[in-house]
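The structure under discussion appears below in the form of structure tokens.
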Amino acid sequence: MRGRNMKQLLAVLAFGMFLFTGSAHAAGSSDAPAATDLAEMMAARDHIKAERYKDAIPQLQKVVAQQPQNADAWNLLAYSQRKMDDLTASLENYKKALSIDPSHKDAHEYLGELYLRMGDLAKAEKQLKRLDSLCFFGCDQIDELKAAIAAYKKKKG
């Protein structure tokens, strides 16, 4: 009977986590379009998939102008800026994404990669620790940042 109760408890916890991981709309607005509904966001994602980061940036700037609390858009803007070697703007926008959503796993991973690019291993490892606290059962973001840190250490030697 104890094992059955434990399984039921785990099922309830898993369901609860599922309920609370959905997307949030802008505060006070139930009819605001989701970020993925914006044509600019969809176009930006297409540009990023095609590695056309320069084309993604103005699209993402439109999204954040319309939805300044959109952590995904700030993260993708920072990602595109990093890929275009605008490290200062990228750093600022990763921080904006994380100020909106401190648990944004992609932003933590990419910020860690940015810190490596800037030569700051300690700050990259801090992002890895943060991901470790967010990824209870592991996640792609922690695996990718670990790999990037390992490659950085090997290169530095």
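The basis for the numbers below is simple: all heavy atoms, side chains too, and nothing from hydrogens, waters or symmetry mates. Everything quoted here is computed from the prediction, not taken from an experiment.
- The line from OG of Ser80 to CZ of Arg52 is 11.5 Å long, rounded to the nearest 0.5 Å.
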>> Between Asn75 and Leu98, does the side chain to side chain contact (heavy atoms under 4.5 Å, CB included) criterion hold? Intermediate values first, please.
In response: CA-CA 8 Å; Asn75 176 59; Leu98 290 169; over 6 Å; no

>> Under the criterion side chain to side chain contact (heavy atoms under 4.5 Å, CB included), I'd like the reasoning laid out for Leu60 against Ile48: C-alpha separation, chi angles, the key distance, then a yes or no.
In response: CA-CA 11 Å; Leu60 291 162; Ile48 290 169; 4.2 Å; yes

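- Contact annotation: the side chain of Leu134 never approaches that of Gln141 to less than 4.5 Å [non-hydrogen atoms, C-beta and beyond].
- Residue Gln81 forms a side-chain contact (heavy atoms from CB on, under 4.5 Å) with just one option from Leu87, Leu76, Thr88, Asn93, and that option is Asn93.
- For the side-chain hydrogen bond (donor to acceptor under 3.5 Å, both in side chains) test with Tyr94, the passing option among His108, Gln127, Arg82, Glu113 is Arg82; the others fail.
- Between the CG atom in Asp72 and the CD1 atom in Ile100 there is a gap of 9.5 Å [rounded to 0.5 Å].
- Salt bridge status for Lys153 with Glu125: present, with a side-chain N to carboxylate O gap under 4.0 Å.
- Side-chain heavy atoms closer than 4.5 Å link hydrophobic residues (I, L, V, M, F, W, Y) into clusters, and following such links, even through other members, never connects Tyr110 to Ile149.
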>> Using the rule given for side chain to side chain contact (heavy atoms under 4.5 Å, CB included), can you reason through Lys96 versus Leu77, listing the C-alpha separation, both sets of side-chain angles and the distance that settles it, and then say yes or no?
In response: CA-CA 10 Å; Lys96 283 181 187 175; Leu77 177 58; over 6 Å; no

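- Separation of atoms CG (Leu116) and CG (Leu111) is listed at 10.0 Å; rounding is to 0.5 Å.
- Taking 4.5 Å as the limit, some side-chain heavy atom of Glu40 sits within range of a side-chain heavy atom of Gln66.
- For the side-chain contact (heavy atoms from CB on, under 4.5 Å) criterion with Tyr152, the lone passing option out of Lys154, Lys156, Lys155 is Lys156.
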>> Is there a side chain to side chain contact (heavy atoms under 4.5 Å, CB included) between Gln59 and Lys62? Walk through the geometry before answering.
In response: CA-CA 5 Å; Gln59 299 297 318; Lys62 289 177 186 176; 4.3 Å; yes

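- Of the possible polar contacts, one joining the Trp74 side chain to the Pro68 backbone as a donor-acceptor pair under 3.5 Å is found.
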